[in-house]
Number of protein chains: 2
Amino acid sequence: MAPVMRLPTERGEDVQRRLEAVGLRPTLARRLVLELLYETNCHYTAEEMLEALRARGTPLSVATLYQNLRQLVERGLLRKVTGPDGVVRYDANLEPHHHLICRRCGRMVDVAVEGLPATLRPVPLPTTPSAERELARWRVLAPHVELEAICPSCQEQEEAFHA
Amino acid sequence: MAPVMRLPTERGEDVQRRLEAVGLRPTLARRLVLELLYETNCHYTAEEMLEALRARGTPLSVATLYQNLRQLVERGLLRKVTGPDGVVRYDANLEPHHHLICRRCGRMVDVAVEGLPATLRPVPLPTTPSAERELARWRVLAPHVELEAICPSCQEQEEAFHA
DNA sequence: ATCATTGCAAACTGTTTGCATCAAG
DNA sequence: CTTGATGCAAACAGTTTGCAATGAT
């Protein structure tokens, strides 16, 4: 089923290489955080990471976690993302991508979006000549699409509730 | 230039009507908040509102502001939006729309987006049959586009800095 | 007289910092 | 031996809550 089997050492070396590539020492804390995110492919909150690491028998202190998350974001190994609910999560996927976000539980998964034009031109609301002129002066960098949705498990919960 | 001139009383009555329409008494605090947002068309943070109201000579206490913001959001007169920087702002524009957001200062303006297809289909990353199947079970509600950008005044600041 | 609203102060949540200790180069 | 990492505890920012005073019906 899984054609490429990643051995722990292989992943560990990968993590170590990435850390050194950005000038960070491959300390235990940093390796634990990155390995967790790479393995699970989830968008954890800081709290969720604390719990996950505790559950794995490799707990970290809050201070250490936050200190390292900040460094990892600064050095570009992680991205900090804030959902529409205001909850901060960390994303190990560095490729440009979009998010599917559950409106109920905040769960977030990486997606591409089919049918998205290469360039998206903003149009002012309300549309007036002066607003148009002002808007033209913004330099648009990148579009980020958030697809609000209901995830499968929240749908089930809703169905159970209505039954 | 402005074909329809809104007199203060007119706007006041509008605010009052809207409040009553959702079953909220048109108290001073609520009218001040709504009038501020309708007049300026800005996406204020709570702190910015406190300051703006103080500057207008009609200060509110933090508690009162937050209490009322929550009610106004609950009753659907305002929308709470969190930018990519994690800062919470309030949006009085209830029509579906997108946001142009300054990466430097967080300023946010409402826009429509030209060329956006009616339906956007999410595609899993990485694309595998099982991921595809799982993704198909999400119920997609609404796409929300955030255009990261640099606003005119931040562009000027950058130019001044490089000179 | 009753019930909603205000606003102070205290509580709370998520995050950051100061600092003593410990580990690595 | 010098520099960086850890983790406790205290500080901090933004938001919420308890409660007494006030205002509206």
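No hydrogens, no waters, no symmetry mates; every other heavy atom, side chains included, goes into these values. Residue numbering restarts at 1 for every chain, and letters A, B, ... go by the order of the sequence lines. These figures come from a predicted structure and were not determined experimentally.
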(message) Please confirm whether the shortest side-chain N or O distance from B/Thr27 to OP1 or OP2 of C/dT6 is below 4.0 Å.
(response) yes
Anything under 3.5 Å between a protein N or O and an N or O of nucleotides 14-19 of chain D, put it in a table, one pair a line.
from   : atom 1 : to      : atom 2 : distance (Å)
D/dG14 : OP2    : B/Glu47 : OE2    : 3.1
D/dT15 : OP2    : B/Tyr66 : OH     : 2.2
D/dT15 : O5'    : B/Tyr66 : OH     : 3.4
D/dT17 : OP2    : B/Arg70 : NH2    : 2.9

(message) Without decimals, in angstroms, what is the distance between A/Leu24 CG and D/dA5 C1'?
(response) 11 Å
(request) Give a yes or no on whether A/Glu47 atom CD has more than 12 heavy-atom contacts from other residues, nucleotides or ligands under 6.0 Å away. (result) no
(request) Classify the angle between the aromatic ring planes of B/His43 and B/His97 as parallel (below 30°), tilted (30 to 60°) or perpendicular (above 60°). (result) tilted
(message) Distance check needed: D/dG23 P versus B/Asn68 CG, whole Å only.
(response) 17 Å
(message) Is it the case that over 12 heavy atoms from other parts of the model lie below 6.0 angstrom from the CD atom of A/Glu51?
(response) no
(message) Output the rounded distance in Å from CZ (A/Arg89) to P (C/dT15).
(response) 11 Å
(message) Counting only heavy atoms from other residues, nucleotides and ligands, does the tally under 6.0 Å from CD of A/Glu39 exceed 12?
(response) yes
(message) Can you measure A/Gln71 atom CD to C/dT16 atom P for me and round it to whole angstrom units?
(response) 12 Å
(message) For A/Glu156, give me all partners under side-chain hydrogen bond (donor to acceptor under 3.5 Å, both in side chains), at least two apart in sequence or on another chain.
(response) B/Arg137
(request) Find the distance B/Asp85:CG to C/dT15:C1' and express it as a whole number of Å. (result) 16 Å
(request) Apply side chain to side chain contact (heavy atoms under 4.5 Å, CB included) to the pair A/Asp110 and A/Glu95, showing each step before the final yes or no. (result) CA-CA 10 Å; A/Asp110 291 349; A/Glu95 301 303 316; over 6 Å; no
(message) Below the 4.0 Å mark, does C/dG25 have OP1 or OP2 next to a side-chain nitrogen or oxygen of A/Arg25?
(response) no
(request) In whole angstrom, give the distance that lies between atom CG of A/Leu65 and atom P of C/dT16. (result) 10 Å
(message) Nearest 0.5 angstrom please: A/Leu141 CG to B/Arg103 CZ, how far?
(response) 5.0 Å
(message) Tell me the interatomic distance from B/Leu72, atom CG, to C/dA4, atom C1', rounded to whole angstroms.
(response) 15 Å
(request) Send over the distance from B/Arg31 CZ to C/dT6 C1', rounded to a whole Å. (result) 15 Å
(request) Mind checking A/Thr64 for me? I need base, sugar-phosphate or nothing, with any heavy atom below 4.0 Å counting as a touch. (result) base
